[in-house]
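Atoms within a ligand are numbered from 1 in the order they appear, just like the ligands themselves.
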Amino acid sequence: MYASMKLRKDHQIGAIDNRIYGSFIEHLGRAVYGGIYEPDHPTADDMGFRQDVLDLVRQLQVPIVRYPGGNFVSGYCWEDGTGPKDQRPRRLELAWKVIETNQVGIDEFQEWAKRAGSQVMMAVNLGTRGPEEARNLVEYCNFPGGTLYSDKRRANGFEEPFNIKTWCLGNEMDGPWQIGAKTAEEYGRIAAETAKVMKWVDPTIELVACGSSNLGMPTFGSWETTVLEHTYDYVDYISLHNYYGNPENDIRLFLSKSLDFDSFIKSVAAICDAVKAKKHSDKTLYLSFDEWNVWYHSNEQDKAIEPWSVAPPQLEDVYNFEDALFVGCLLITLLKNADRVKMACLAQLVNVIAPIMTENGGAAWAQTIFYPFLHASAYGRGISLCPEVTCEGYSVGDKSFVPFVESAASWNPDDETLTIFAVNRSEDAVQQLAVSLEDFGPLTLIEHLTLQGHDLKAVNTAKSSPVVPKTDGETKMTNEGAEITLQPLSWNVIRFGRK
Ligand code: AHR
């Protein structure tokens, strides 16, 4: 099949905020204990952080990591995770029915984030707690000294403030599963009051209000409207969360679900703008898609986990090749919405629905979804261009047209590199993509990376990793630009630079 793409340097969606390549570490399962932190592991550093995991995280170049939850945060006492470790309480953790030992808290996590080359995106508890504890936490983290909480931090060995710039006002507060769930009115009020005092302690911070827990929530839309009517003047972002799966075992349907991700983003942006207009505000609200991924493989095995153990193997989805293709489609969609989505977190980072897996005391390895994320984070920087694509498509489920070619392009003015990301959704047809690049001056092909040719259910494990990228893509330079061959069911990264 033939497809075409026109790219122009001045036809731009917007600047890519690097924080769209964020991720998430929750106190859940083995994300923290046995994931990033395992003092007895052969690779543990002076603070007990696994260096093998840190090496993989650094490869992903994750600019921001959300912490400590998630559902966990709605019952969390942040003070438990500070000060001498032998005095920290063991608590019943109600969100995930486990015992939390508090051997890692903000004292340790901010240090881990530094070692990973990331910033912390800190969430406050608006389930069981409120403005008082949130403002104390901002004081503990960001105030230089000479006050109760800033001096506690200094006494705990951290003379310099942590300077955490991005904060989430609770987590999924619309969800009945949430500890201290709220109506939109209840949440809107407490979020506004919490935002006010947090910014009074540190006016430089940015705040994220909770949007709906997912697109399927019955209150989706009205929740955002009500929450923003209360919080618009005090917050900078609203959150979106959504997880996907292929329980139908239908690849055409599965890969079409990134169109829902796209329309979710556009709907929330429209609601933000409607509230902006109603408030006669000059401020544009941006989106933080701070939980997204595939999550369904581990649902059954999680039902068998006995409650009240420490760091059991929860939400340990083992990702296959089709998940990598789908995650590629979602990353492309984030790039195509770079004008509104300024932050996004692949949920999560280690062991829990994660690109990185570990064995306690053993190996760490990259799952299939690690690679599209790695490529997008490494090369999808600079400006997101607006590709004009013509291609054939198919209909499936409630969608009358799903394009076979899902694509985005980024232009990095710093090093004058151009990158095209493309997924071919077709199971059997090669797409011959003719790209016009005349607007860019002389370019040369650097490489055409692919994930292709695997069984859809192929997975990577501690022992073998068949699903890894290769530089075996076929791209030819032409007079007009390039002729790119997209193999059936493939992830493609085509990189061009100056001659
Ligand atoms: O990421 C796993 C869980 O999914 C988070 O704790 C929660 O916010 C969401 O429902």
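Between W78 and Y140, the two ring planes are tilted [angle within 30° to 60°].
In terms of protein heavy atoms, atom 10 (O) of ligand 1 is closest to E172 OE1, 2.7 Å.
Proximity of V352 to ligand 1, defined as any heavy-atom pair under 4.0 Å, is not found for any part of the residue. Within the 4.0 Å heavy-atom criterion, both parts of N71, backbone and side chain, lie near ligand 1. Counting heavy atoms under 4.0 Å from ligand 1, residue W96 touches it through the side chain alone.
Annotation for ligand 1: atoms under 4.0 Å from non-hydrogen atoms of G70 are 5 (C), 6 (O), 8 (O). Of all the atoms in ligand 1, the ones that sit under 4.0 Å from a non-hydrogen atom of N171 are 7 (C), 8 (O). Every atom of ligand 1 with a heavy atom of W295 under 4.0 Å away is listed here by number and element: 2 (C), 3 (C), 4 (O). Those atoms of ligand 1 with a heavy atom of Y243 less than 4.0 angstrom away are 1 (O), 2 (C), 4 (O).
Here the CZ-CG distance, from R91 to N102, works out to 7.5 Å after rounding to the nearest 0.5 Å.
At least one heavy atom of I353 sits closer than 4.0 Å to an atom of ligand 1.
For the pair S23 (side chain) and L346 (backbone), a donor-acceptor distance under 3.5 Å is present.
Relative to the ring axis of Y237, K342 does not place its NZ or CZ within 45° and under 6.0 Å from the centre. Taking the ring axis of F158 as reference, the NZ or CZ atom of R153 does not stay both within 45° of it and closer than 6.0 Å to the ring centre.
Using a 4.0 Å cut-off between charged side-chain N and carboxylate O, K278 and E229 make a salt bridge.
Scored by the side chain to side chain contact (heavy atoms under 4.5 Å, CB included) test, S222 finds T219 as partners (sequence neighbours excluded).
Nearest-heavy-atom check against atom 8 (O) of ligand 1 across Q348, Q314, E26, E291 picks out E291.
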